[in-house]
Amino acid sequence: MKKTITTLMGVLLLCACTNEADAPKEQVAAPKQTIGSNLTARSTGSKVMMQAFYWDCPGGGNWWNTISAKVPSWASAGVDAIWLPPATKGQSGGYSMGYDPFDYYDFGSYNQMGNTETRFGSLTELQSLITTAHNSDLSVIADIVVNHCGGGASQYNPFTGGNTYTSFTPASGMFARSYYDFHPNDVHSADAGTFGGFPDLCHDKSYVQGWLYANSNSIAKYYKNVMGFDGWRFDMVKGFDPWVVKNFKNASPGFTVGEYWDGNAATLETWANSAESSAFDFACYYKMRDALNNNDLTQLNGDMLLKRSPMKAVTFVTNHDTNEIYNNKLLAYAYILTHEGYPCLFYRDYEEWLDKNKLNNLIWIHNNKASGTTSYLYADNDEYVARRNGTPGLVVYINNSDNWQQRWVETNWASTVIKDYTGNSTWEPTTQSGKWVLIQAPPHGYTVWSVK
């Protein structure tokens with residue numbers, strides 16, 4: 001899902017109609033400008049992911065260079081993957097955020113849609129960014145938009161009885177499309193969902209499946225084997241069946257997460273299991289929003305994907321579509337960076353809006369202390385306490401009141417000196433032989449306790 005793309009679908013010159021019967025049986029050769037195959041396995045998912053863009057991030061073709069410059073420091077902080085925006089040419093050309101895909105193989109090489117580079121830069125600059133990330137042992141996650149397309153020329157469509165913008169003749173020569181490849185067509189009239197009036201891609205067509213994942217030059221295989229992407233973020237997966245994601249991932253294995261925009265944890269779990277993929281934990285997001293905006297931390301005891309299937313939950317506080325946690329946002333990061341799931345940082349939170357030193361501290365805590373199952377110890381309007389049961393594990397104490405708070409909690413450590421690894425408290429108490437200890441947290445703050 002994404003913000004409504006403001007550029008309207010323009011009327012382009014009428015292109016010759018093509019269909020599956022007329023389509024070439026052999027795919028055209030890949031462009032010669034490639035980064036080369038990079039199949040080094042990286043352990044995405046064990047640390048923290050960075051969403052390396054935001055809506056309407058600066059255009060002008062310099063974004064890939066901006067991110068390249070930040071990659072080494074992100075790696076040092078404990079990030080293990082960067083999620084990039086859709087990297088190919090969209091209908092809006094140099095203004096496009098990539099969610100109106102026209103040419104899935106134009107990474108900034110072809111003069112079409114008004115310019116050669118994408119909003120984010122050139123093919124060469126993207127290749128350099130991917131290489132820089134790999135040299136820092138970071139995975140690069142590609143944003144895959146296959147629910148809909150943008151920028152097609154008008155053609156007569158016998159399935160609608162009128163003209164539709166469904167004639168796609170990309171300059172790359174790869175994945176030409178016509179009305180046969182969208183809804184309605186001779187297979188069925190619609191699938192799970194559409195977006196914004198854009199032509200809705202039909203995933204039941206063997207021609208479309210070939211270009212998405214089945215053929216040797218498919219998007220899945222080209223992006224991984226030629227460009228060097230390591231994994232996939234699927235946009236608006238409510239718009240098509242989960243087997244599309246599963247087949248794509250199986251064709252080119254890598255970390256996979258879907259944007260199933262729904263606050264129901266059971267629904268997220270069902271989709272993740274069917275797609276054999278991780279999913280963004282919107283249930284967790286909305287519970288944190290309600291907990292912090294409404295001063296009711298009992299919401300954090302609610303149902304979330306991270307509690308049902310933690311290995312499939314990608315947790316987040318903000319993304320390019322959502323920024324509804326206005327109050328004490330750092331407390332939400334304290335939550336996702338101490339709990340189960342794979343946390344995703346938002347570029348502007350990290351680089352602009354919040355205290356980077358505090359976020360780096362929480363990243364370190366996540367990567368070094370936050371292991372094992374979770375025990376939920378206490379929650380009321382103002383206070384929340386949970387324990388991670390791994391080695392060494394931790395106890396996180398979130399306090400959303402106006403005053404310092406103290407609470408006795410049961411730990412996993414007997415007769416052990418512990419400390420707050422955030423530095424928000426200077427206490428270094430010793431747990432009792434029965435593992436209980438008194439801990440504290442500052443107003444509108446948090447502490448994270450573990451073995452000294």
Side-chain angles (χ1 to χ4, degrees), residues 27-46 49-53 64 67-68 71 79-89 98 101 103-109 118 120-147 170 172-175 201 203 208-235 237 240 242-259 275-278 314 342 344:
Q27 298 189 27
V28 296
K32 295 184 181 301
Q33 293 176 295
T34 62
I35 195 171
S37 178
N38 190 325
L39 302 178
T40 302
R42 294 177 180 82
S43 56
T44 310
S46 60
M49 178 163 62
M50 176 71 73
Q51 180 179 353
F53 67 99
W64 298 145
I67 298 304
S68 289
V71 159
V79 171
D80 65 0
I82 55 172
W83 157 27
L84 300 185
T88 54
K89 192 69 60 66
D103 189 338
Y104 287 97
Y105 295 83
D106 180 3
F107 293 89
S109 300
T118 68
F120 312 110
S122 68
L123 169 63
T124 301
E125 289 163 344
L126 175 59
Q127 291 172 330
S128 177
L129 167 56
I130 294 173
T131 298
T132 298
H134 288 170
N135 288 341
S136 294
D137 202 28
L138 296 188
S139 296
V140 183
I141 308 302
D143 203 320
I144 304 297
V145 185
V146 293
N147 175 72
S172 68
M174 312 275 267
F175 197 10
L201 202 59
H203 303 87
V208 173
Q209 293 171 11
W211 279 106
L212 292 186
Y213 53 80
N215 296 336
S216 60
N217 256 359
S218 66
I219 293 169
K221 294 171 185 175
Y222 187 97
Y223 281 38
K224 183 171 186 178
N225 299 334
V226 177
M227 292 301 298
F229 285 105
D230 303 285
W232 323 108
R233 179 267 184 188
F234 280 86
D235 181 66
V237 296
F240 48 90
W243 58 260
V244 176
V245 172
K246 180 173 72 173
N247 289 355
F248 191 105
K249 177 207 67 174
N250 289 343
S252 288
F255 176 80
T256 306
V257 58
E259 183 214 30
E276 299 179 0
S277 166
S278 296
V314 177
Y342 181 36
C344 182

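Worth knowing before you read on, the calculation uses all heavy atoms, side chains too, and leaves out hydrogens, waters and symmetry mates.
- With a 4.5 Å cut-off on side-chain heavy atoms, D230 and H134 count as touching.
- No donor-acceptor pair closer than 3.5 Å links the side chain of S128 to the backbone N or O of E125.
- L212 CG to F175 CZ: the interatomic distance, rounded to the nearest 0.5 Å, is 5.0 Å.
- Classification of the F255-Y342 ring pair by plane angle, with boundaries at 30° and 60°, yields perpendicular.
- Residues Q209 and H203 approach most closely at NE2-O, 2.9 Å, considering heavy atoms.
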*asked:* side-chain contact (heavy atoms from CB on, under 4.5 Å) for F53 and D143? Distances and angles first, verdict last.
replied: CA-CA 11 Å; F53 67 99; D143 203 320; 4.1 Å; yes

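- No side-chain heavy atom of F120 sits under 4.5 Å from any side-chain heavy atom of L84.
- Closest approach of S252 to A220, counting heavy atoms only: OG-O, 2.9 Å.
- The aromatic rings of W232 and Y223 sit tilted, their planes meeting at an angle between 30° and 60°.
- A donor-acceptor pair under 3.5 Å links the side-chain atoms of K249 to the main chain of E276, judged by distance alone.
- Taking all atoms of both residues into account, the shortest heavy-atom contact from M174 to D103 is O-OD1, 4.4 Å.
- A distance-only check finds a donor-acceptor pair linking the side chain of S277 to the backbone of T256 [under 3.5 Å].
- Although no hydrogens or angles enter the test, the distance criterion places no donor-acceptor pair under 3.5 Å between the side chain of D106 and the main chain of P170.
- Taking the side chain as every heavy atom from C-beta outward, L129 and S68 approach each other to under 4.5 Å.
- A pairwise comparison of heavy atoms in V237 and G258 identifies CG1-CA, 4.2 Å as the closest pair.
- The closest donor-acceptor contact from the side chain of N247 to the backbone of Y213 lies at 3.5 Å or more, if one exists at all.
- Taking all atoms of both residues into account, the shortest heavy-atom contact from S46 to D80 is N-OD2, 3.3 Å.
- We find the OG1-CH2 distance between T118 and W64 to be 6.0 Å, quoted to the nearest 0.5 Å.
- Side chains of N147 and D235 form no contact here, defined as non-hydrogen atoms less than 4.5 Å apart.
- The aromatic ring centroids of F234 and F248 lie less than 6.0 Å from each other.
- Side-chain atoms of V245 and F240, non-hydrogen and from C-beta on, do get closer than 4.5 Å to each other.
- In this structure, the side chain of T88 does not engage the main chain of P86 through any donor-acceptor pair within 3.5 Å.
- In this structure a side-chain-to-backbone donor-acceptor pair under 3.5 Å is present from K224 to P253.
- Without hydrogens or angle criteria, K221 side chain to A214 main chain gives a donor-acceptor distance under 3.5 Å.
- Residues A81 and L138 share a closest heavy-atom pair of N-CD2, 4.1 Å.
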